[in-house]
Protein chains: 2
Amino acid sequence: MARTTGSDGEKTEAAVREAAVSLIARLGYEAMSMRQLAAEVGVQAAALYRYFPTKEDLLFTLMREHMEGLLEAWSAARPANADPVTRLAAYVENHIAFHIERRHATHVSNMELRSLSHERLTQILKMRTAYEKELRMILRDGAEAGVFQVDDTGLTAMALIQMMTGVIVWFRPGARLSIAEVTASYLSMTMRLVGATISHGTARPSGRAAVAL
Amino acid sequence: MARTTGSDGEKTEAAVREAAVSLIARLGYEAMSMRQLAAEVGVQAAALYRYFPTKEDLLFTLMREHMEGLLEAWSAARPANADPVTRLAAYVENHIAFHIERRHATHVSNMELRSLSHERLTQILKMRTAYEKELRMILRDGAEAGVFQVDDTGLTAMALIQMMTGVIVWFRPGARLSIAEVTASYLSMTMRLVGATISHGTARPSGRAAVAL
DNA sequence: GCATTAATAAAACGAACGTTCAATTAATTC
DNA sequence: GAATTAATTGAACGTTCGTTTTATTAATGC
């Protein structure tokens with residue numbers, strides 16, 4: 001009825017984060033109770049408060065780190081000084097890969113925004129806007145260069161992001177389509193959607209997929 | 001401290017539905033309390049139970065009627081025996097119009113599925129699948145007729161629906177773009193995405209928008 | 001105008017919620 | 001091996017939740 005043998009703060013905190021992402025994705029933030037989360041980790045509810053001062057702090061931490069991860073992944077994948085088609089292809093590939101790999105966390109970050117305080121909501125939205133701006137810049141550069149046909153940059157960016165993020169709704173690993181197949185399909189749909197001019201082989205930055213217009 | 005002057009069951013029930021859609025869209029189903037809903041309607045919580053036996057019954061009723069409305073709207077708008085381009089254009093126009101008009105209800109139907117019992121979830125998903133199947137059939141017919149270029153019918157249908165439904169996330173009435181402009185943009189993005197062969201004027205079933213490839 | 005029905009209020013129910021606190025034990029430090 | 005720190009338990013706090021019950025008043029039918 002106190003500290004248990006083999007208990008380790010770092011391991012417990014990691015287990016709490018992992019269980020929280022999974023439970024919130026499945027039940028929703030409001031529907032998940034701290035007792036439920038604690039039971040999943042194999043600990044009493046009071047122990048959670050050693051790592052996160054409140055339930056909302058836990059949610060915010062998960063969201064912030066997810067958004068930071070997304071921005072970092074794009075920073076690492078972004079091709080500098082490349083043509084718009086190559087950059088757009090890299091954006092799509094990174095987005096799909098990241099979201100399939102972290103389906104649950106994406107679900108949480110997209111669906112539970114209303115449970116954040118105003119200040120924290122603003123913080124998360126700022127990161128999201130920064131990420132979306134990257135896509136808008138690619139589309140604008142492409143439109144100005146005449147390689148994309150885009151009515152409205154902002155609208156197109158939102159449509160593309162909604163389309164790509166939607167992959168987490170229906171995609172299940174090990175199902176009919178492989179990740180590579182899904183990525184290739186989304187890539188060609190994206191290129192057609194923006195009316196990309198065919199440019200032989202430029203859109204193969206990672207070697208994973210070719211653009212089929 | 002009992003029946004109030006001018007009270008009317010039908011009006012109260014309608015007010016409850018309306019307030020519930022708005023509150024659930026804003027706060028989430030779990031976060032909305034029955035007392036909060038009652039206060040919005042101007043009534044005590046106990047009065048709600050005259051119209052809906054449980055909170056979940058209320059949610060389910062809202063969702064079922066929303067899905068029925070969607071299917072009915074498509075039934076009315078669907079052009080019989082038309083070419084795939086015309087049918088796809090009608091699908092897109094109906095989808096965008098319906099979802100912009102009923103943003104809050106769509107939000108509820110899409111976000112609160114996990115709060116339904118298994119049986120009721122199945123019931124809602126059955127309706128949704130039927131609606132999605134209509135799009136898959138259009139895409140398949142178009143692909144077979146050679147007027148669409150589609151890798152995978154199922155994947156493309158999901159991508160399109162996610163893209164179109166996403167309009168409720170960012171669109172606000174009275175903002176920069178009008179409904180007609182948004183619809184026209186989504187229509188041309190859709191036609192490009194499916195690689196529709198240019199067919200002079202066929203894609204103008206409602207007269208509201210022309211397809212610009 | 002009297003009986004009946006419709007619509008609500010007021011109060012209460014037990015259960016579950018997020019969170020706090022004191023006590024207790026394991027691991028670590030010296 | 002004693003002192004200190006880290007990790008956790010168990011019990012409790014006040015609050016809020018969905019829901020039920022009973023009483024009360026407005027509208028309706030005859």
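Proteins come first, then strands; the chains are lettered A, B, ... in the order of their sequence lines, and each starts at number 1. All values below were derived from every heavy atom in this structure, side-chain atoms included, with hydrogens, water molecules and symmetry-related copies excluded.
- Phosphate proximity of dT8(D) to Thr12(A): present, with a side-chain N or O under 4.0 Å from OP1 or OP2.
- Salt-bridge formation is not detected for the pair Arg176(B)/Glu181(B): no Lys NZ or Arg NE/NH1/NH2 atom is positioned less than 4.0 Å from an Asp or Glu carboxylate oxygen.
- Contact between Ala77(B) and Asn94(B) at its shortest, heavy atoms only, is CB-OD1, 3.8 Å.
- The CG atom of Asp57(B) sits 13 Å away from the C1' atom of dG18(D) (whole-angstrom rounding).
- Taking only side-chain atoms of Thr4(B), from C-beta outward, the nucleotide of dT8(C), dT8(D), dA27(C) with the closest atom is dT8(C).
- Side chain of Ser185(B) to backbone of Val182(B): no donor-acceptor contact under 3.5 angstrom is found.
- Taking a 6.0 Å sphere around CD of Glu18(B), one finds it holds 12 or fewer heavy atoms contributed by other residues, nucleotides or ligands.
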task: Sugar-phosphate means primed atoms, P, OP1 and OP2; the rest is base. With that split, encode nucleotides 13-19 of chain C 5' to 3' as B, S or - using protein heavy atoms under 4.0 Å.
output: ----BBB
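- Rounded to an integer number of Å, the gap from Arg50(B) CZ to dA9(C) C1' is 13 Å.
- Counting any heavy atom pair closer than 4.0 Å across all strands shown, Phe52(A) reaches no nucleic acid atom.
- Side chains of Ser109(B) and His66(B): a donor on one and an acceptor on the other come within 3.5 Å.
- None of Tyr91(B), Trp74(B), Phe98(B) except one satisfies the ring pair (Phe, Tyr, Trp, His ring centres under 6.0 Å) rule with Tyr131(B); the exception is Tyr91(B).
- dT8(C) atom P lies 11 Å from atom NZ of Lys11(B), rounded to whole Å.
- Atom CD of Gln44(A) and atom C1' of dA6(D) are 18 Å apart (whole Å).
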